[in-house]
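As the structure lists them, so they are numbered: ligands from 1, and atoms in each ligand from 1.
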Amino acid sequence: MNHTSPARIGVYGGAFDPPHTAHHELAAVAIAQLKLDRLYVLPTGEAWHKSRTLTPARHRLAMARLNFEDLTQAVIDEREMLRQGPSYTIDSLKELLDAHPGAEFFVLMGADQALLFETWKDWQQIARLAQLAVAPRQTASSSGSLPHEWHNHTLIKATLLNMPLAIVSATDIRTGLEQGSEPAQTLKPAVFQYIQHHHLYMDHHD
Ligand code: ATP
């Protein structure tokens, strides 16, 4: 890291079940646009906001490593998977702040999560400790930009990531795989090979 100015550190959490090309694009754009020295990718343990049972942690971790392997600033961090109980961004953010005193932090998310941000545990504290960076994403209730009320927000400082809308979701990929279709543009070849090798999202896990 460059020690002449404060380090710029991104924090990017998700189920990554499976990690797909839009996750990669978001990370790559954030690294370039925000000039990140490091990007922590944090696959969730038990995500409090997802009702479905997630694919076992070891598989999501291995796929995340493959998905982000070409991004030299990206570090796949296991802390949320190792934590007992639900995973919350605030806990990881505080630990990372302790590990990088003086650094500037950016919490990354898609516009769908931005709309839910004020339901995140201790969101005010997150907003005090980090800036937010949001990727456009089409949602039922917005065209995928920053939430309106974030302009001139007293607490939230947010940047829109400059990337095209990517109509990709892990849910659609899982549904496609269950039905036997081959995801073309949406999974990196190495991730797709891993999925096939371990028979994920098909009949059974091994
Ligand atoms: P699912 O369909 O299972 O809900 P997902 O595709 O939304 O999964 P997550 O692992 O939940 O993937 O996403 C992690 C983060 O990446 C979230 O902040 C989400 O908003 C963002 N993200 C996921 N897909 C996209 C996309 N196509 N465009 C922009 N951001 C995205």
A.B. asks: Please list, in number order, the atoms of ligand 1 under 4.0 Å from a heavy atom of Met109.
C.D. replies: 18 (O)
A.B. asks: I'd like to know whether the aromatic ring centres of Phe68 and His23 sit less than 6.0 Å apart in this structure.
C.D. replies: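 No; His23 has its ring centre 6.0 Å or more from that of Phe68.
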A.B. asks: Testing the basics here: between Ala127 and Lys157, what is the closest heavy-atom pair and its distance to 0.1 Å?
C.D. replies: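 Result for this residue pair: O-NZ, 3.6 Å.
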A.B. asks: Relative to the heavy atoms of Phe16, which atoms of ligand 1 are at a distance of less than 4.0 Å?
C.D. replies: 10 (O)
A.B. asks: Should the proximity of Asp172 to ligand 1, defined as any heavy atom under 4.0 Å, be assigned to the side chain, the backbone, both, or neither?
C.D. replies: neither
A.B. asks: For atom 8 (O) of ligand 1, state which one of Ala27, Ala170, Pro19 supplies the nearest heavy atom.
C.D. replies: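 Looking at heavy atoms only, Ala170 sits closest to atom 8 (O) of ligand 1.
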A.B. asks: N/O of Gln113 under 3.5 Å from N/O of ligand 1, yes or no?
C.D. replies: no
A.B. asks: Answer yes if Leu160 and Val11 sit in the same cluster of Ile, Leu, Val, Met, Phe, Trp and Tyr residues linked by side chain heavy atoms under 4.5 Å apart, and no otherwise.
C.D. replies: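 Yes, Leu160 and Val11 fall within the same hydrophobic cluster.
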A.B. asks: For atom CG of Asp172, decide whether the heavy atoms of other residues, nucleotides or ligands shown that lie under 6.0 angstrom number more than 12.
C.D. replies: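 Count over threshold, so yes.
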A.B. asks: Looking only at heavy atoms, which two atoms of Arg83 and Ser92 are closest? And how far apart?
C.D. replies: NH2-OG, 3.1 Å
A.B. asks: Please confirm whether His59 and Tyr201 have ring centers closer than 6.0 angstrom.
C.D. replies: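 Ring-ring flag for His59/Tyr201: false, centres at least 6.0 Å apart.
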A.B. asks: I need the minimum non-hydrogen distance between Pro18 and Met63, along with the two atoms involved.
C.D. replies: CB-SD, 4.0 Å
A.B. asks: Run the numbers for me: atoms of ligand 1, each under 4.0 Å from some heavy atom of Ala22, listed by number.
C.D. replies: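 Atoms satisfying the 4.0 Å criterion: 26 (C), 27 (N).
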A.B. asks: Please could you name the atoms of ligand 1 that Leu26 approaches to less than 4.0 Å, counting only its heavy atoms?
C.D. replies: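 In order of numbering, the contacting atoms are 30 (N).
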A.B. asks: Check this for me: does any side-chain nitrogen of one of Asp37 and Arg8 sit under 4.0 Å from a carboxylate oxygen of the other?
C.D. replies: no
A.B. asks: For ligand 1, which atoms, with element, lie under 4.0 Å from some heavy atom of Thr171?
C.D. replies: 1 (P), 2 (O), 3 (O), 4 (O)
A.B. asks: Quick one: which of Met163, His23, His20 has a heavy atom closest to atom 9 (P) of ligand 1?
C.D. replies: His23
A.B. asks: If you round to the nearest 0.5 Å, how far is CD1 of Ile195 from CG of Leu200?
C.D. replies: 6.0 Å
A.B. asks: Which of the numbered atoms in ligand 1 are below 4.0 angstrom from a heavy atom of Arg174?
C.D. replies: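 In order of number, 3 (O).
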A.B. asks: Can you check which of Pro136, Ala15, Ala135 brings a heavy atom nearest to atom 28 (N) of ligand 1?
C.D. replies: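 Minimum heavy-atom distance to atom 28 (N) of ligand 1 goes to Pro136.
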A.B. asks: Return yes when Asp17 approaches ligand 1 closer than 4.0 angstrom through a heavy atom, no otherwise.
C.D. replies: no
A.B. asks: Can a non-hydrogen atom of Gly13 be found less than 4.0 Å from any atom of ligand 1?
C.D. replies: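 True for this residue.
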A.B. asks: Please, which pairs that meet salt bridge (charged side-chain N to carboxylate O under 4.0 Å, His left out) have at least one residue in residues 187-200, sequence neighbours excluded?
C.D. replies: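 Every salt bridge (charged side-chain N to carboxylate O under 4.0 Å, His left out) pair that includes a residue of residues 187-200, provided the two are not neighbours, is Asp70-Lys188.
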A.B. asks: Taking atom 14 (C) of ligand 1 as the point of reference, which of Ser169, Pro18, Ala166, Gly14 owns the nearest heavy atom?
C.D. replies: Gly14
A.B. asks: Counting each atom of ligand 1 from 1 as listed, which ones have a heavy atom of Asp112 under 4.0 Å away?
C.D. replies: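 Matching atoms, with element in brackets: 19 (C), 20 (O).
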